[in-house]
Amino acid sequence: MRRCYSTFVTATKFKSPLNSKHQLLALTDSCKSMDQMKQAHALLVTTGLILHPIPATRLLKLLTLSSFASLPYAQLLFDQIPSPDLFIYNTMIKAHASTTDSSCSSLLIFRSILRDSSLVPNQYTFVFVLKACSQGLGIREGQQVRVYAMKVGLESNVFVTNALIQMYANCGSVDDARMVFDWSAQRDLFSWNLMIGGYVGSGDVIHAKELFDAMPERDVVSWSTMIAGLVQVGCLIEALELFREMLQTGPKPNEFTLTSVLAACANLVALDQGKWIHVYIDKVGIKMIEQLLASLIDMYAKCGEIELASNVFHGEAGTRKTVWPWNAMIGGFAMHGLSHEAIDLFEQMKMKSIGPNKITFVALLNACSHGKLVEEGKWYFKSMSSCHGIEPEIEHYGCMVDLLGRAGLLKEAEEIILAMPMAPDAVIWGALLGACRIHRDTEMGDRIAKAIKELDPYHVGCHVLLANMYSSSGRWKEAKAVREKIESGGTKKTPGCSSIELNGVFHQFLVGDRSHPQTKQIYLFLDEMTMKLKLAGYVPELREVLLDIDDEEDKETALSRHSEKLAIAFGLINTEHGTPIRIVKNLRVCQDCHQAIKFISKVYEREIIVRDRIRFHHFRNGQCSCRDYW
DNA sequence: GTAGGGTTAG
């Protein structure tokens, strides 16, 4: 470093004075570090060139855009420029706009432009200051800026229009964004894309699709935004269909498109399509950005292929420099119950000085939870703020409640909730209620139920848990009351749904579903299967029946119609002996199904991989990878 | 002599 520095200075010292201005400018542009930049700054000051707008601008550019950018330094430099030109003002507004906590500085600088009678803000000024409004300030400030744009006749400028659309959409007012869009005199591809993005951001894919279909022309951003929107709201099959259409008639997908498409594959457990994308990335030479790598890892992990996920993680040269792929891999290990692998990876990450973020800790704490690693979990939780400067958020407290609750430490879990710095929500009480149900502590369950009822009388998930807890302890009246309350609230319980892919087609089953063309065959197979399982020692877990049925035989029937059993029966009927069966369930697998599937894996000699809402269960030869702890 | 858009994990 020292050496660099001296060559740097010598190189400038001996140039002729005539050349020095250009030399200095070139030198400023070539700075590769803060140290070099400071040298250049010093030279500009001693030569007096700093007073000239062009060298000052070059320096400012370094301070706001380079890898060693420093906003405070930029601000100091800016404050010393006697009369900045509009470009310099704009550069500063832009620099402050990109960070949420300094976006009010953008507005202050904008105001100083307005005070300077020799300057009139231009389209760039408005674009940058509106960006600050959409990221940190707010809609009120945005409105004020809009009035100034009107005053100087720039409101209908297409760049300003687009910035306004984005400002309104980001501030949560998609209707205002639409008004700007509809009334704009000039509109380009960007306007359409931003408007679609605005709808997607508010979860309104219906309107987004409407605009997408009506567009005069679509580019890769239009397609990517639309596909991402569909994935975000869970319309995964539609997202894949749109992607197929894109391949046939649209522009070439890029790394952003494929990130979303892989997320769709991951959540559908569409392993074949996910693999196809992987090959496509290599074949077409898609840029392997860290987020794409993370999606690829996540896809393999969520499709049950943790080894392939690990190969991808270790395989890509020159990657793993950001937290993304690490989080995907730690999360993958966690959902496969590979707690120690997750912890090892976290330790490696620390050694490589890659800073963990809040997502890392969610994954890590989940790993501890699934492995019943109570002490490790507590330790890592404490380390969040003490070693990494990350304040635990409610999700992290939720992980701790889950970890302790699942391990049977109900009291300690409750103490965590009562002591945490934020107000508990229905979700976190729900985690504890779930633990009460597992450990059949109805006394505490009752108390928590009361808390949930007060907090959020219509939280469906928690009320379902509550009803389940009541019915599994035989308190049918109370169970019924809760269920009626759920129904009267107008919201319906998410029905349990399991799906299985067969030759690229997804088959979905609900509880007691009779809509499938092979229904008759499936139900006959189920009856026969239940007999075979019983002969092998399977005993139905009747406490899992959630309806008030007196007859024990009927209880058994209710259990045997659970969606995961239907999907497995379908898989056993339609695939060759020995092929693994992959099932995805949208909720958690029940105790009885878990027990039954263990027997199925043994009796039918099949590997069965079930992904529930939280994690994987790998059933093989009568055993499950979760070791019955989930 | 420059400056505007899209992915975001549980």
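Below, chain A is the first sequence line, B the second, and so on; all start at residue 1.
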Scan [X] against the nucleic acid and name what it touches under 4.0 Å (heavy atoms): base, sugar-phosphate only, or nothing.
X: A:Val160; answer: nothing
X: A:Lys302; answer: sugar-phosphate
X: A:Asn170; answer: nothing
X: A:Ser191; answer: nothing
X: A:Leu292; answer: nothing
X: A:Asp219; answer: base
X: A:Ile54; answer: base

Round to the nearest Å and state the distance from [X] atom [atom1] to [N] atom [atom2].
X: A:Met299; N: B:dG10; atom1: CE; atom2: P; value: 14 Å
X: A:Ile88; N: B:dG1; atom1: CD1; atom2: P; value: 15 Å
X: A:Tyr168; N: B:dG5; atom1: OH; atom2: P; value: 20 Å
X: A:Tyr124; N: B:dA3; atom1: OH; atom2: C1'; value: 5 Å
X: A:Asp29; N: B:dG1; atom1: CG; atom2: C1'; value: 11 Å
X: A:Ile165; N: B:dG6; atom1: CD1; atom2: P; value: 13 Å
X: A:Asn327; N: B:dT8; atom1: CG; atom2: C1'; value: 11 Å
X: A:Phe361; N: B:dG10; atom1: CZ; atom2: P; value: 18 Å

Nearest to the side chain of [X], heavy atoms from C-beta on, is which of [options]?
X: A:Asn193; options: B:dT7, B:dG5, B:dA3; result: B:dG5
X: A:Val323; options: B:dT7, B:dA3, B:dA9; result: B:dA9
X: A:Ser260; options: B:dA3, B:dT8, B:dG6; result: B:dT8
X: A:Gln291; options: B:dG10, B:dG1, B:dT7; result: B:dT7
X: A:Thr225; options: B:dA9, B:dG6, B:dG1; result: B:dG6
X: A:Lys94; options: B:dT7, B:dA9, B:dA3; result: B:dA3
X: A:Ile359; options: B:dA9, B:dG6, B:dT8; result: B:dA9
X: A:Asn366; options: B:dG5, B:dG10, B:dT7; result: B:dG10
X: A:Leu189; options: B:dG10, B:dA3, B:dG5; result: B:dG5
X: A:Phe87; options: B:dG1, B:dT7, B:dA9; result: B:dG1

Next on the checklist: So, does A:Lys61 get its side chain near the phosphate of B:dG1, meaning an N or O under 4.0 Å from OP1 or OP2?
Outcome noted: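 Negative; the distance criterion is not met.
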
Checklist entry - Does a side-chain N or O from A:Gln166 land closer than 4.0 Å to OP1 or OP2 of B:dG6, or not? => result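 Indeed, a polar side-chain atom of A:Gln166 lies that close.
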
Checklist entry - Is the NZ atom of A:Lys350 crowded by more than 12 outside heavy atoms at less than 6.0 Å? => result yes

Checklist entry - Got more than 12 heavy atoms from elsewhere within 6.0 Å of CH2, A:Trp183? => result no

Item to check | Stacking of A:Trp324 on B:dA9 base (centres under 5.5 Å, planes under 30°) | outcome: yes

Next on the checklist: Looking at every non-hydrogen atom in both residues, tell me the closest pair between A:Thr360 and A:Val323 and how far apart they are.
Outcome noted: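 Looking at all heavy atoms of both residues, the closest pair is OG1-CG2, 3.6 Å.
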
Checklist entry - Cut-off 3.5 Å, side chains only: do A:Asp219 and A:Ser222 have a donor facing an acceptor? => result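 A pair is found: one side chain offers a donor N or O, the other an acceptor, under 3.5 Å apart.
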
Item to check | Donor on one side chain, acceptor on other, A:Thr259 and A:Gln291, under 3.5 Å | outcome: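 No donor-acceptor contact under 3.5 Å links the two side chains.
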
Next on the checklist: Test side-chain hydrogen bond (donor to acceptor under 3.5 Å, both in side chains) on A:Asn366 and A:Ser369; report intermediate values, then the result.
Outcome noted: CA-CA 5 Å; A:Asn366 273 332; A:Ser369 185; 5.3 Å; no

Checklist outcome for this item: Given the options A:Trp326, A:Phe333, A:Phe361, A:Phe346 meets side chain to side chain contact (heavy atoms under 4.5 Å, CB included) only with A:Phe361

